[in-house]
Novice: 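My structure is below; once you've seen it, I'll send some questions.
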Amino acid sequence: MAILEVSNLKKSFGQLEVLKQISFEVNKNDVVAIIGPSGSGKSTMLRSLVHLEEIDGGSIAVDGEFIVNDGVYSKPQQLKKIASKMGMVFQHFNLFPHLSVLENLVLAPKLLKQGSTTEHRERGLELLAKVGLSDKADVLPAKLSGGQKQRVAIARALMRNPEILLFDEPTSALDPELTGEVLQVMKDLAKESMTMIVVTHEMEFARDVANKAIFMDNGEIIESGSPSELLTNPKRDRTKAFLHRTVRN
Amino acid sequence: MTIDYLLSILKPMLEGAQATVLLFLIAIIVSIPLGFLLTLAVRSAIKPLAWLANAYIYLMRGTPLLLQLLFIVFGLPLIPVIGEYLVLDRFVAASIGFILNYAAYFAEIFRGGLLAIDKGQYEASKVLGLNRWQTTTRVILPQMIRIALPAVANESVTLVKDTALLYAVAVPELLHFAQTAVNRDFTIIPFLIAGVIYLLITLCLTLFFKWFERRLRFD
Ligand SMILES: Nc1ncnc2c1ncn2[C@@H]1O[C@H](COP(=O)(O)OP(=O)(O)O)[C@@H](O)[C@H]1O
Ligand SMILES: [Mg+2]
């Protein structure tokens, strides 16, 4: 069953048409890899899903409930409730620098009054253990490596138990030797059947972990399908050209 | 010069220093929050409000503080009809002048602090479900304070020295008593003492802000 339905999504910045009639579906437990050249609209698409961008037309529905239906947004309360089913991990982590690692995790649940302080703490420590950072609970983000920061950001996004986790190039800001630890956490999540949409340049990750791949170019979905098929045997010329360039790099 | 003489002029000068410190405390405690409200007004989506706040800041920073003080203390009472209701205690009037002036400077400092905060902080807060108020008070403000602190410290030291402008509106303070003693006794000593007292005040302030900066540091 589709947990996320996106249809005819349109978005422009001024004269620039960034998303042109984007449609796709994500099923429960899917891991979707989104690939495509820089500037093709991948981030804008992801950001639209969590309402960081306002779209100009089309629909987005989670669990059959519309965030936006044919260009008309739901009421703020409803919108917030539906959007809360999605978590997001950013390229640049966006941790709160003035708060310790554990405080980063518990801030939102505390302010949203979901459960007790003890519950937040326990859940936070549990998630830190899961991403291998139990010993960093009381440390400020500035003391962490990039890979550690991104793992904290993933743990923070998991605090709300999202049904879908979105990643926007989670390893692109990292030194090459630090990408492995982040990808490993994401693989573990995939094994636990977390539904994920991952914008990535890591073709190996897309092939090994994703069960669906989408190639975007110039605001359109050019091709989608199983990752092995799309990555080794692309049908469209633009996909071929992109993969050719990426492999050579 | 004897110890007795030193003690005899120190007493009124310390009393004058009380006025200096009191004005400083009043000005800083009120103008910092007021400055922050001004910053919010400048960034407000309500255009006329933003425009007014900008005009206010421009006016306050573009004219001498001394002129503003003279205007409030001696100028306002001269306004026809309403002037007679604007005769305030001179210390109170001067405090208002300092508050209005320094709020504009602090607003500029805070605006710079807000500009330095990455937009990713707002985005992460929104995706985590925080509303605007929670984002401002729990995510943005603490970072802004940390970023603005060195500039706030600097401005505070300037404020201590600016309190000497009370002299010009005839409110007795530290400098007033020093000048009186110099005229009466034909000695330079009271000026030196005044300088030392100012230095001690700014030293305390500097140490306080250093300590505060260390406590808030997160980089
Ligand atoms: N806030 C914005 N204002 C104007 N143009 C933008 C904005 N955000 C993105 N764009 C433009 O939209 C296009 C798609 O950007 P983006 O979604 O970031 O692509 P990708 O993530 O695939 O690199 C680019 O041309 C980019 O310059
Ligand atoms: Mg991008």
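Below, read A as the first sequence line, B as the second, and so on, with proteins coming before strands; counting in each chain starts at 1. Small disclaimer: the values here were computed from a predicted structure and weren't measured.
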Novice: Which region of A:K81, side chain (C-beta onward) or backbone (N, CA, C, O), has a non-hydrogen atom less than 4.5 Å from a non-hydrogen atom of chain B, or is it both or neither?
Specialist: neither
Novice: So which of A:V198, A:V209, A:T200 actually passes side-chain contact (heavy atoms from CB on, under 4.5 Å) with A:M186?
Specialist: A:V198
Novice: Which atoms of B:R138 come close to chain A, meaning under 4.5 Å heavy atom to heavy atom: side chain ones, backbone ones, both, or neither?
Specialist: both
Novice: Measure A:F96 against the heavy atoms of chain B and call it side chain, backbone, both or neither at under 4.5 Å.
Specialist: both
Novice: Looking only at heavy atoms, what is the nearest atom pair of B:L128 and A:L112, with distance?
Specialist: O-CD1, 3.6 Å
Novice: Determine the option with the most heavy-atom pairs under 4.5 angstrom with chain B, choosing from A:L99, A:V50, A:L107, A:L111.
Specialist: A:L111
Novice: Using a 4.5 Å cut-off on heavy atoms from C-beta on, say whether the side chain of B:I96 contacts that of B:I99.
Specialist: no
Novice: Between B:R111 and B:E108, does any side-chain N to carboxylate O distance fall below 4.0 Å?
Specialist: yes
Novice: Between A:L128 and A:D135, is there a side-chain heavy-atom distance shorter than 4.5 Å?
Specialist: no
Novice: Less than 4.0 angstrom from a charged side-chain N to a carboxylate O is my criterion; do A:E17 and A:K11 meet it?
Specialist: no
Novice: Under a 4.5 Å heavy-atom cut-off, does chain B meet the side chain of A:H98, its backbone, both or neither?
Specialist: both
Novice: Among A:K80, A:H92, A:M88, A:M159, single out the residue with the greatest number of heavy-atom pairs under 4.5 Å to chain B.
Specialist: A:K80
Novice: Could you check which of A:P97, A:A108, A:P162 has the highest count of heavy-atom pairs closer than 4.5 Å to chain B?
Specialist: A:P97
Novice: Is A:L140 in contact with chain B via its backbone, its side chain, both, or neither, using a 4.5 Å heavy-atom distance?
Specialist: side chain
Novice: Given that the side chain runs from C-beta out, which part of A:L166 has a heavy atom under 4.5 Å from chain B: side chain, backbone, both or neither?
Specialist: neither
Novice: Do the side chains of A:D56 and A:K10 get close enough for a salt bridge, i.e. N-O under 4.0 angstrom?
Specialist: no
Novice: Of the backbone (N, CA, C, O) and the side chain (C-beta and beyond), which part of A:R156 lies under 4.5 Å from a heavy atom of chain B, both, or neither?
Specialist: both
Novice: For the residue pair B:F218 and A:A142, what are the closest heavy atoms and their distance?
Specialist: O-CB, 3.4 Å
Novice: Flag the one option from A:V89, A:L95, A:L52 with the top tally of heavy-atom pairs under 4.5 Å to chain B.
Specialist: A:L52
